[in-house]
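What you see below is based on every heavy atom in this structure, not just the backbone, and it leaves out hydrogens, waters and symmetry mates. Below, read A as the first sequence line, B as the second, and so on, with proteins coming before strands; counting in each chain starts at 1.
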Amino acid sequence: MPELPEVETVRRGLEPALVGERLSKVTIRRPDLRFAFPPRFASRLAGARILELRRRGKFLIADLDSRESLIVHLGMTGRFLIEGTPAAEGSGSASLAKHAHVVFETDDARIIFEDARRFGFMDLTLTARLPDHPRLASLGPEPFDDIFAEPYLAKAFTGRRQGVKTMLLDQAVVAGLGNIYASEALHRARIAPEKPAGAIGKAARSRITPAVRAVLEEAIAAGGSTLRDFAAANGSPGYFQHSFRVYGRGGEPCGNRGCRGRIRRTVQAGRATYHCPLCQK
DNA sequence: ACCACTACCTGAAGGC
DNA sequence: TGCCTTCAGGTAGTGG
């Protein structure tokens with residue numbers, strides 16, 4: 001499910017329910033997601049107040065007044081639902097869904113983490129140690145960081161024969177892109193996804209940053225994309241999926257100005273990839 | 001170091 | 001309706 005725009009949408013949806021609030025109770029309903037929860041996960045969280053909710057790549061990070069930070073990755077199917085408490089809601093809260101694995105309670109709400117496939121994970125670490133956390137330490141720059149520009153890509157791509165789309169999926173190269181937005185960005189940049197990264201010229205390389213930023217900005221503004229059942233924490237779906245130009249559009253006409261090509265679906269590094277063979281070179 | 005491939009887990013959707 | 005196969009936005013680990 002979630003790439004950078006969806007994670008950012010979730011972050012914004014959770015912010016009002018969590019930031020400044022104290023976690024009165026946390027319950028885990030199984031010992032692991034993708035990985036085991038860290039020791040005493042629930043008790044370390046209970047009683048802590050959330051100071052800030054941030055995003056790094058596809059990670060959510062909640063800084064707590066206990067000097068620890070909660071790290072959350074949504075995997076493919078992770079999502080948060082916000083419910084008012086029984087008292088606030090009157091009718092009482094609905095029973096938990098089958099894949100509701102973690103329940104966070106504040107004075108005002110219940111925030112439920114569901115993850116059918118359990119590719120998500122959570123961890124706790126001292127806030128001061130966040131930069132050293134193994135899952136965060138290897139992340140590349142944020143797409144909106146100044147450093148994410150042509151000279152950086154030139155360095156990252158040098159000598160690499162791997163397709164540029166696969167490189168953009170590498171979170172160590174740039175943090176937050178996933179299968180959809182990598183395809184979309186390369187279509188906008190008119191670069192073939194399977195083109196070896198090291199073989200891309202400077203002019204084309206210069207088109208990558210603006211293309212990536214444009215598609216991410218538009219997607220965030222649209223509240224992310226809704227495929228299957230993804231929904232923001234407030235329950236409203238994103239609608240950027242209607243703005244996909246290539247993803248899931250095999251056989252359809254290419255939308256790039258002046259191009260008469262048709263979008264093709266291929267498989268690259270085991271992932272579905274969409275591009276226009278005519279205008280993406 | 002690099003790169004291709006597999007595994008992880010469940011549900012939805014399509015073909016028959 | 002039901003069974004079977006394929007596919008899915010994620011990362012991590014293995015082995016060449």
Side-chain angles (χ1 to χ4, degrees), chain A residues 1-10 29-36 55-60 71-80 97-101 113-123 133-140 143 155-187 193-199 212 215-216 218-220 222-232 237-250 265-274:
Chain A
M1 165 173 69
E3 305 183 31
L4 188 153
E6 291 73 38
V7 177
E8 179 60 24
T9 298
V10 169
R29 305 180 71 241
R30 51 173 299 130
D32 56 23
L33 295 171
R34 175 163 193 178
F35 308 113
R55 180 193 56 73
R56 174 81 172 93
K58 301 173 193 170
F59 289 85
L60 288 169
I71 300 168
V72 178
H73 196 290
L74 302 176
M76 293 271 262
T77 52
R79 59 184 199 156
F80 284 98
K98 182 174 171 189
H99 298 296
H101 303 310
F113 179 78
E114 296 182 0
D115 185 4
R117 289 176 75 180
R118 299 204 312 275
F119 285 176
F121 47 88
M122 297 191 189
D123 201 1
H133 190 279
R135 309 246 122 75
L136 302 177
S138 56
L139 289 181
K155 195 167 178 195
F157 288 176
T158 298
R160 303 298 295 271
R161 273 168 294 181
Q162 213 174 26
V164 59
K165 186 227 177 190
T166 311
M167 293 285 303
L168 291 179
L169 288 180
D170 183 347
Q171 301 299 295
V173 171
V174 57
L177 285 183
N179 204 34
I180 293 176
Y181 296 108
S183 284
E184 293 291 323
L186 287 173
H187 178 253
E194 72 277 10
K195 177 132 178 157
V212 165
V215 71
L216 294 179
E218 290 173 31
I220 291 169
S225 304
T226 304
L227 270 62
R228 294 166 194 85
D229 62 354
F230 167 80
Y239 48 91
F240 189 71
Q241 67 278 9
H242 304 301
S243 302
F244 292 165
R245 299 184 189 174
V246 290
Y247 189 85
R249 295 193 181 279
R265 180 190 189 274
T266 58
V267 174
Q268 195 181 352
R271 319 284 311 271
T273 298
Y274 298 87

Nearest-Å distance once atom P is located in both B/dG14 and C/dG9: 16 Å
Whichever of A/Gln162 and A/Ala269 has its nearest DNA chain B nucleotide further upstream toward 5': A/Gln162
A/Thr166 OG1 to A/Arg161 CZ distance, which is reported to the nearest 0.5 Å: 14.0 Å
Atom P, compared across B/dC9 and C/dT14: separation rounded to whole Å: 16 Å
Sugar-phosphate only, base, or nothing, as touched by A/Phe59 at under 4.0 Å among non-hydrogen atoms: nothing
A/Met76 side chain, from C-beta outward: closest of B/dG11, C/dC7, C/dG9: C/dG9
Sugar-phosphate, base or nothing in reach of A/Gly178, heavy atoms under 4.0 Å: sugar-phosphate
Touch class at under 4.0 angstrom, heavy-atom based, for A/Tyr181 against every strand present: nothing
Under 3.5 Å donor-acceptor, A/Asn179 side chain and A/Ala272 backbone: yes
Under-3.5 Å donor-acceptor pair between A/Arg34 side chain and C/dT11 base: yes
Under 3.5 Å donor-acceptor, A/Glu6 side chain and A/Gly224 backbone: no
Aromatic-base stack, A/Phe119 on B/dC9, cutoff 5.5 Å, angle under 30: no
Involving DNA chain C, stems made of at least three consecutive Watson-Crick or G-U pairs, both distances under 3.5 Å: B:2-8 with C:10-16, B:10-16 with C:2-8
